[in-house]
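Everything numeric here is computed off the predicted structure, so don't read it as measured data.
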Amino acid sequence: MRTSVFLLVILTIPLIAGSFILFSDTLELDVGTYRFIKFRITPEMAESTFISGEFFTEPFPMKMEFILITEVNHRRGWEGGGDIDTLEVVYSENGSLVMGVPDFGDFVLIVSNRGNTDPVFFVADLSVSYAGSGVTYDSLPFGMTLLMSLLAIGVVTAAVLLTIKRMSSGTG
């Protein structure tokens with residue numbers, strides 16, 4: 001299993017157009033508790049998007065539960081007590097983690113210590129990788145440049161017309 005995950009990550013690295021660090025830290029999780037990590041995927045990042053990385057637990061290896069849901073489901077379910085639609089669930093011990101992110105939007109990755117009988121320190125380096133460009137086009141700078149250019153042309157034209165009018169009325 002680890003070999004296939006490793007090969008999958010190695011084979012997809014040339015396809016990756018960008019990535020960002022999702023989590024690189026340590027969490028303390030008591031028995032039956034969870035922590036969540038919120039992140040956003042823009043439409044430009046939504047092509048072949050996945051979470052990948054390495055993690056381990058201290059003081060000894062334990063199976064951790066990773067749940068990927070939308071932020072709407074997080075607010076509705078975890079905070080409001082409603083129904084939750086999970087996008088993906090992975091149960092894994094120390095080692096690699098690979099989870100697909102299906103689309104763009106606001107997401108929550110839940111790291112859970114449910115089912116274990118001891119508290120745990122969760123140490124991880126996780127990132128989000130994608131094949132899209134990740135570059136969001138912003139039309140505001142172009143619009144401001146165009147507006148300022150038109151304004152400058154208008155001011156220069158008005159100054160030239162006023163100068164011509166004053167010169168022609170003074171000579172005649």
Side-chain angles (χ1 to χ4, degrees), residues 1-138 140-141:
M1 174 68 183
R2 288 186 183 190
T3 305
S4 63
V5 169
F6 179 73
L7 287 174
L8 175 69
V9 171
I10 292 299
L11 292 175
T12 58
I13 285 177
L15 301 174
I16 296 173
S19 66
F20 61 89
I21 295 173
L22 179 62
F23 180 82
S24 183
D25 205 353
T26 301
L27 295 174
E28 183 178 359
L29 295 164
D30 289 330
V31 176
T33 61
Y34 70 92
R35 299 288 185 270
F36 60 89
I37 304 163
K38 292 183 178 185
F39 63 100
R40 173 172 287 161
I41 301 297
T42 64
E44 294 78 18
M45 297 176 187
E47 184 181 337
S48 302
T49 308
F50 59 93
I51 299 169
S52 63
E54 298 286 325
F55 77 94
F56 64 93
T57 58
E58 293 179 345
F60 40 82
M62 287 189 173
K63 189 171 271 194
M64 298 299 292
E65 179 181 35
F66 300 93
I67 305 168
L68 181 65
I69 60 176
T70 63
E71 194 205 359
V72 171
N73 277 311
H74 181 258
R75 280 187 273 127
R76 181 175 46 215
W78 250 266
E79 296 173 3
D83 293 334
I84 297 175
D85 289 330
T86 58
L87 300 173
E88 188 166 352
V89 178
V90 173
Y91 299 95
S92 183
E93 261 187 34
N94 294 355
S96 298
L97 172 69
V98 177
M99 294 179 81
V101 180
D103 206 357
F104 63 90
D106 294 325
F107 296 95
V108 177
L109 176 65
I110 297 169
V111 180
S112 173
N113 193 22
R114 282 192 310 186
N116 293 325
T117 58
D118 294 309
V120 66
F121 285 98
F122 173 79
V123 181
D125 286 314
L126 303 175
S127 62
V128 175
S129 302
Y130 49 90
S133 69
V135 177
T136 304
Y137 176 72
D138 187 6
L140 186 60

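- Without hydrogens or angle criteria, Asn116 side chain to Val31 main chain gives no donor-acceptor distance under 3.5 Å.
- At least one donor-acceptor pair closer than 3.5 Å links the side chain of Asn94 to the backbone N or O of Thr57.
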Quiz item: Does the side chain to side chain contact (heavy atoms under 4.5 Å, CB included) test come out yes or no for Val120 and Met64, once each step is laid out?
Solution: CA-CA 10 Å; Val120 66; Met64 298 299 292; 4.1 Å; yes
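- Separating the CG atom in Leu29 from the CD atom in Glu65 is a distance of 11.5 Å, to the nearest 0.5 Å.
- Residue Asp85 comes nearest to Asn73 through the heavy atom pair O-ND2, 3.3 Å, listed as atom of the first residue, atom of the second, then distance.
- Using a 4.5 Å heavy-atom cutoff, the side chains of Thr49 and Val128 are in contact.
- Scanning for ring pair (Phe, Tyr, Trp, His ring centres under 6.0 Å) contacts around Phe66 gives Phe55, Phe122, with sequence neighbours left out.
- Closest heavy-atom contact between Met45 and Tyr130: O-CB, 3.1 Å.
- Evaluation of the ring pair (Phe, Tyr, Trp, His ring centres under 6.0 Å) rule for Phe39 yields Phe107 as partners, not counting sequence neighbours.
- Taking each heavy atom of Leu68 and Pro102 in turn, the nearest pair found is CD2-CD, 4.3 Å.
- Residues Glu71 and Lys38 come closest through the heavy atom pair OE2-NZ, 3.4 Å.
- Under the side-chain hydrogen bond (donor to acceptor under 3.5 Å, both in side chains) test applied with Asp106, the options His74, Arg40, Arg75 reduce to a single match, Arg40.
- Shown here for Phe36 and Ile110, the closest heavy-atom pair between the two residues is CB-CG1, 4.1 Å.
- For Asp118, the salt bridge (Lys or Arg N to Asp or Glu O under 4.0 Å) criterion is met by no residue, not counting sequence neighbours.
- Glu88 pairs by the salt bridge (Lys or Arg N to Asp or Glu O under 4.0 Å) definition with nothing, not counting sequence neighbours.
- A side-chain donor-acceptor contact under 3.5 Å links Asn113 to the backbone of Asp30.
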Practice problem: Report the C-alpha separation of Asp103 and Ile41 in whole Å, then their side-chain angles, then the decisive distance to 0.1 Å, and conclude whether the side chain to side chain contact (heavy atoms under 4.5 Å, CB included) test is met. | Solution: CA-CA 8 Å; Asp103 206 357; Ile41 301 297; over 6 Å; no
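- Note that CG of Leu97 and OG of Ser52 are 8.0 Å apart. Values are rounded to the nearest 0.5 Å.
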Quiz prompt | side chain to side chain contact (heavy atoms under 4.5 Å, CB included) evaluation trace for Arg114 with Ile67 | solution = CA-CA 12 Å; Arg114 282 192 310 186; Ile67 305 168; 4.1 Å; yes
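- When the shell of 6.0 Å around CZ of Phe20 is examined, it contains more than 12 heavy atoms from other residues, nucleotides or ligands.
- By the side-chain hydrogen bond (donor to acceptor under 3.5 Å, both in side chains) test, Asp25 pairs with no residue at all, sequence neighbours left out.
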Exercise. Begin from the C-alpha positions of Met99 and Leu109 and carry the test side chain to side chain contact (heavy atoms under 4.5 Å, CB included) through to its verdict.
Key: CA-CA 10 Å; Met99 294 179 81; Leu109 176 65; 3.7 Å; yes
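- The salt bridge (Lys or Arg N to Asp or Glu O under 4.0 Å) check on Arg35 picks up nothing, with sequence neighbours excluded.
- Between Glu54 and Ser96, the shortest heavy-atom distance links the atoms OE2-OG, 2.8 Å.
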